[in-house]
Amino acid sequence: MTQASLSDLIDTRRARVGVIGLGYVGLPLALTVAQAGFSVTGFDIDPAKITAITLRKSYIEAAPDAVLAAEVDAGRFTATCDFAGLGACDVIIICVPTPLTRHREPDLTYITRTCDDIARTLRAGQLIVLESTTYPGTTDGPVRTILERTGLKSGRDFFLGFSPEREDPGNRAFNTATIPKVVAGDGPLAGALMQAFYGAVVKSVVPVSTTATAEAVKLTENIFRAVNIALVNELKVIYEAMGVDIWEVIDAARTKPFGYMPFYPGPGLGGHCIPIDPFYLTWKSREYDLSTRFIELAGEINSNMPRHVVTRLAEALDRRLGRALSRSKVLVIGLAYKKNVPDIRESPSLKLIELIEERGGAAAFHDPHVPVIPRTRAYGALMGRASVPLTEEAVRGFDAVLVSTDHDGIDWAALARWSPLIVDTRNVFARHGITSEHIVKA
Ligand SMILES: NC(=O)c1ccc[n+]([C@@H]2O[C@H](COP(=O)([O-])OP(=O)(O)OC[C@H]3O[C@@H](n4cnc5c(N)ncnc54)[C@H](O)[C@@H]3O)[C@@H](O)[C@H]2O)c1
């Protein structure tokens, strides 16, 4: 099959699409592609996800049950653990994890294993797209190398592209279809196919000249966030010492209609992207004898934040209640790394609990989205702990409340009445018009 015939299959929505990795990125994307009229097969190694999809039960907020059920019932979406079906797909999109190793280096094993799976049934005329976040040079490096071991050639036999994912969990203003999508192909034929395919699926496509450029776009977006968050975190500590409220500063600064963009301080970075992705560039830069000082500095400042917050908590306990942290019980509000999502990957709340307990205090948590702490690589000892209900009796059993995540739906006014001391890392009480001597910002 040629580029022209794949292009025709895309235009007429007869192209069969495979999405590998049905997580936060892959499942909403698979449904968006199905909604655009394509027949989609999802592939995942996790049988629990396949069973849930078959039962029309979504496990990702951005992929509502109703949309999942509609696409499965219409016969446009199926899911399987059997990768033999990859050969039948005309377009294959890779959405597998790209974490860091123990030594904080890129772990590409999920991508390379997936490329091995694709290579087993690779055929002429397929378009293979990488969406996982990675360093510039992955698509036309390791990915192409593995696929070309089959004897087929990128740009001549099969086509290769990269398109970064810009999913923002919990954001109700945008979804996969409405977020502009950056696309690039390995060569002009692949570039044209990328534009045709994504143009059929999302509202707006932003073509760039090479796959390495598209990979760099994604890293740039996340590094921009990591560095700016570190900047306001540093300013927070400085202004705190001067008795100046960083949130008031930001609210006033953001009224400037040009040249300023608000970022907010917090208890530290969390999630699968911002704490991890910048280090893909750090690693790759070493190959060019270059250092990434902004990234390293931002990482250092952001990862020190939980320690700073616990120091503020200890000071507040001492000053306001005359109590040592080592003899205190602390209720951490919010375990997820950001508001209104159940995702606890890299969440600073876990670090806060660990730090409080390291200093001899007792910590519990409340999170309406996380009933029980699941297994995590770094915080195995916390597994199985359950969310404390926010009743007056329960809250009164703690010496302090530490707000780490400002989920909607929490009764902040009641918390302010029931708790003798509140340490707020999100400025949520002030935003709700609740100020008091016993509410301390950190
Ligand atoms: N979560 C986000 O908001 C977000 C945003 C932008 C980009 N990304 C990037 O997208 C990629 C995927 O992230 P995610 O958050 O969706 O991860 P995730 O962990 O939610 O999902 C990954 C899925 O891949 C599956 N998987 C793992 N190995 C596999 C294999 N060999 N074959 C098939 N399936 C396999 C897992 O079972 C899981 O269902 C990462 O590169 C990430 O950096 C994520």
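What you see is a predicted model; the values in this text were computed from it and never measured. Each ligand, and each atom within it, is numbered from 1 in the order the structure gives.
- For Tyr135 and Phe279, the ring centers are positioned 6.0 Å apart or more.
- At distances below 3.5 Å, not a single donor-acceptor pair connects side-chain atoms of Arg286 with backbone N or O atoms of Ser291.
- We find that Arg431 and Asp406 are joined by a salt bridge, their nearest charged nitrogen and carboxylate oxygen being less than 4.0 Å apart.
- Between Lys339 and Asp408, at least one side-chain nitrogen of the basic residue sits less than 4.0 Å from a carboxylate oxygen of the acidic one, meeting the salt-bridge criterion.
- In terms of heavy-atom proximity, Phe159 sits nearest to Gly125 at CE1-CA, 4.3 Å.
- Sorted by chain and number, the residues within 4.0 Å of ligand 1 by heavy atom are Ile20, Gly21, Leu22, Gly23, Tyr24, Val25, Asp44, Ile45, Asp46, Lys49, Phe83, Cys95, Val96, Pro97, Thr98, Tyr110, Thr114, Ser132, Thr133, Glu165, Glu167, Pro169, Lys218, His272, Cys273, Arg345.
- Counting heavy-atom neighbours within 6.0 Å of Arg225 CZ, excluding the residue itself, gives a total of 12 or less.
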